[in-house]
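Both counts, for ligands and for their atoms, begin at 1 and track the order of listing.
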Amino acid sequence: MGSGAGPGEDLLVTGGSGFLGSHLVVDWLRRHPQARVACLVRAPDDVTAVLRLRTALLRAAADSGQEVGPALLSRAAVLRGELGEEGWIDAAAGWAAEGGGRAVRVLHCAASLSFRPEDREAVRRINIDGTRSLLAAAARLQAAEFNYVTTAYGAGDRAGDVGEDEVCRPDGFSNGYEESKWDAEAVVREACPRALTGRGMGYRILRPSIIIGHSTTHRLSSSSGFYNVVQTIFQLGRVQRHQGQLILLPLPPDATLDLIPVDVVVAEMIHLLDAGDATLDHAFHLTSDGPLSMIEVLARLSPMAGFSIDRQDEAAAEVSRLARMLLQRLRHYTPYLGQIRRFDRSNVRAAGVARQPPLDVERLRDFVRGFIDRPNQGMVAR
Ligand SMILES: NC(=O)c1ccc[n+]([C@@H]2O[C@H](COP(=O)([O-])OP(=O)(O)OC[C@H]3O[C@@H](n4cnc5c(N)ncnc54)[C@H](OP(=O)(O)O)[C@@H]3O)[C@@H](O)[C@H]2O)c1
């Protein structure tokens with residue numbers, strides 16, 4: 001990776017009303033006291049758009065146990081609109097011009113995260129066509145960089161070591177979301193040929209694994225991914241006759257679970273953006289430095305829900321009725337229970353990103369408790 005001065009600190013962000021995007025915006029503004037951010041926000045009118053963004057930013061700040069004042073919030077502008085539309089681009093150009101001619105950087109975090117087969121077309125429209133239209137808008141705004149937040153699971157069915165800059169399309173994917181993210185990465189690389197030509201907009205491809213709550217407060221303003229699995233397990237445990245049962249799941253013994261707290265993933269993203277040109281035109285696995293054993297997580301945490309989970313041989317002829325019920329309820333997530341691969345982090349290391357605080361199963365218990373015990377959750381961890 002080369003070196004050089006980066007552009008200014010002003011960011012045009014999509015997905016700022018969402019979980020990761022709101023944390024990113026708050027942290028970016030906190031760490032860059034002169035920076036401005038403009039967020040693309042979906043809403044029926046301007047007042048609602050402002051309210052939606054403000055609520056999301058305040059929630060993200062609360063997740064991290066800090067307060068944000070009006071001075072910080074005033075540096076977050078709202079562009080009302082959505083991916084695929086062009087109506088907001090003039091307002092974005094006006095916002096960029098107010099920055100005194102500094103080049104803008106785009107951080108594209110918005111996406112549909114639906115795994116449901118029936119949403120496949122909508123997911124592709126938002127994640128691929130939406131990315132393509134944002135790239136065109138970024139070119140019109142003469143953005144210096146396009147930072148694309150995607151997912152490590154765009155690696156689809158790839159097993160073993162997965163490199164960051166590999167561009168070979170996987171043979172298969174667990175769902176349309178993974179596939180759309182891989183295809184959108186290809187769209188980004190193609191639209192940003194700076195690596196080949198030395199000119200134009202540079203890119204970064206930022207690939208988190210599974211994002212969990214804040215590493216010190218354990219709070220989070222989302223309930224997707226890992227927490228959907230936790231919620232399903234706790235719901236099963238609320239049924240009296242399931243209490244004290246042992247559920248054997250057919251899982252590979254060496255399956256891993258790759259989790260990253262939201263503040264850690266945001267810190268890594270900011271480090272990479274702050275590194276300037278040195279980190280352009282590469283992909284980065286924003287994954288765990290030490291993935292957990294899936295079976296250890298399930299075995300040690302399931303008693304919090306009132307029953308026990310352990311593994312049985314994948315080739316076992318009999319799977320219990322309760323195990324089948326759990327797997328059916330987790331059907332969108334079962335591909336993630338048997339993952340055996342390692343996301344290589346050579347580019348992350350080369351960029352000088354600090355080693356993550358270790359996350360073990362005992363610490364994960366605090367994240368689960370933070371989610372289950374949160375107000376309105378209606379479930380109590382043991
Ligand atoms: N959460 C994870 O564990 C995880 C893991 C790996 C990668 N990621 C990636 O991280 C990014 C953010 O995920 P998240 O967990 O923060 O999801 P999220 O909370 O669902 O946020 C998604 C954001 O995208 C916006 N959005 C969706 N469709 C849009 C459209 N057509 N036009 C404009 N905005 C649109 C949403 O706006 P509304 O508020 O209007 O709905 C929301 O702000 C995604 O790219 C995802 O693939 C997430």
- prompt: To the nearest 0.1 Å, how far is atom 5 (C) of ligand 1 from its closest protein heavy atom, and which atom is that?
  reply: Ser209 O, 2.8 Å
- request: Run the numbers for me: atoms of ligand 1, each under 4.0 Å from some heavy atom of Glu82, listed by number.
  value: 31 (N), 32 (N), 33 (C)
query: For the residue pair Phe284 and His282, does the interplanar ring angle fall in the parallel (under 30°), tilted (30 to 60°) or perpendicular (over 60°) class?
result: perpendicular
- request: Note the single closest protein heavy atom to atom 1 (N) of ligand 1, along with its residue, its atom name and the distance in Å.
  value: Ser224 OG, 3.9 Å
- prompt: Is the distance between the ring centroids of Tyr148 and His108 under 6.0 Å?
  reply: yes
message: How long is the straight-line distance from CG of Asp10 back to CD of Glu98, given to the nearest 0.5 Å?
response: 10.0 Å
- prompt: About how many Å separate CG of Leu12 and CD of Glu145, when rounded to the nearest 0.5 Å?
  reply: 12.5 Å
task: Could you tell me whether Leu83 and ligand 1 have an N or O pair separated by under 3.5 Å?
output: yes
query: Looking at Tyr227 versus Phe371, is the centre-to-centre ring distance below 6.0 Å?
result: yes
- prompt: Counting only heavy atoms, which portion of Arg52 has something under 4.0 Å from ligand 1: side chain, backbone, both, or neither?
  reply: side chain
task: Starting from atom 23 (C) of ligand 1, locate the nearest protein heavy atom and write down its residue, its atom name and how far away it is, to 0.1 Å.
output: Gly15 CA, 3.7 Å
message: For atom 30 (C) of ligand 1, what is the closest protein heavy atom, and at what distance to 0.1 Å?
response: Arg42 NH1, 3.6 Å
- prompt: Taking only heavy atoms of Lys181, which atoms of ligand 1 are found under 4.0 Å from at least one of them?
  reply: 44 (C), 45 (O), 47 (O)
message: Ring-plane angle category for Tyr153 and Tyr336, please: parallel below 30°, perpendicular beyond 60°, tilted otherwise.
response: perpendicular
query: Under 4.0 Å from any heavy atom of Cys109, which atoms of ligand 1 are there?
result: 11 (C), 12 (C), 44 (C), 45 (O)
- request: Please say whether Gly18 places an N or O atom under 3.5 Å from an N or O atom belonging to ligand 1.
  value: yes
task: Could you tell me if any non-hydrogen atom of His108 lies under 4.0 Å from any atom of ligand 1?
output: no
- request: List the closest protein heavy-atom neighbour of atom 16 (O) of ligand 1: residue, atom name, distance to the nearest 0.1 Å.
  value: Leu20 N, 2.8 Å
message: Please report whether the ring centroid of His332 lies less than 6.0 Å from that of Phe115.
response: no
statement: the protein heavy atom lying closest to atom 19 (O) of ligand 1 turns out to be Phe19 N, 2.9 Å
Set of side-chain hydrogen bond (donor to acceptor under 3.5 Å, both in side chains) partners for Asn228, sequence neighbours left out: Tyr333
message: Is Thr150 close enough to touch ligand 1? Criterion: a residue heavy atom under 4.0 Å from a ligand atom.
response: yes
- request: Kindly identify the option in Val13, Thr14, Leu113, Val265 whose heavy atom sits closest to atom 20 (O) of ligand 1.
  value: Leu113
message: What verdict does the ring pair (Phe, Tyr, Trp, His ring centres under 6.0 Å) test give for His218 and Phe367, after you've listed the backbone C-alpha separation in whole Å, the side-chain angles of each residue and the deciding distance to 0.1 Å?
response: CA-CA 5 Å; His218 310 118; Phe367 288 85; 4.7 Å; yes
query: Does Gly225 have a non-hydrogen atom less than 4.0 Å from ligand 1?
result: no
message: Pairing donors with acceptors under 3.5 angstrom, does anything connect the side chains of Asp258 and Ser288?
response: no
Going by atom type alone, with no hydrogens or angles, which donor-acceptor pairs under 3.5 Å involve a side-chain atom of residues 51-60 and a protein atom two or more places apart or on another chain?
from: Arg52; atom 1: NH1; to: Arg42; atom 2: O; distance (Å): 2.8
from: Thr55; atom 1: OG1; to: Leu51; atom 2: O; distance (Å): 2.7

field: ligand 1 versus Ile126: contacting region, heavy-atom distance under 4.0 Å
entry: side chain
statement: For atom 25 (C) of ligand 1, the closest protein heavy atom turns out to be Ala110 CB, 3.7 Å
- request: Consider every N or O of Ile211 and every N or O of ligand 1, then say whether any pair is closer than 3.5 Å.
  value: yes
Taking atom 37 (O) of ligand 1 as the reference point, the nearest protein heavy atom with its distance: Ser17 OG, 3.4 Å
query: So, Asp366 and Arg363, do they make that salt bridge, N to O below 4.0 Å?
result: no
field: Spatial distance of atom CG (Leu359) from atom CG (Asp289) [nearest 0.5 Å]
entry: 10.5 Å
statement: Check: of Pro208, Ser180, Ser112, Ala111, min heavy-atom distance to atom 27 (C) of ligand 1 comes from Ala111
- request: Report the part of Tyr177 (side chain from C-beta onward, or backbone N, CA, C, O) that has a heavy atom under 4.0 Å from ligand 1; answer both or neither where that applies.
  value: side chain
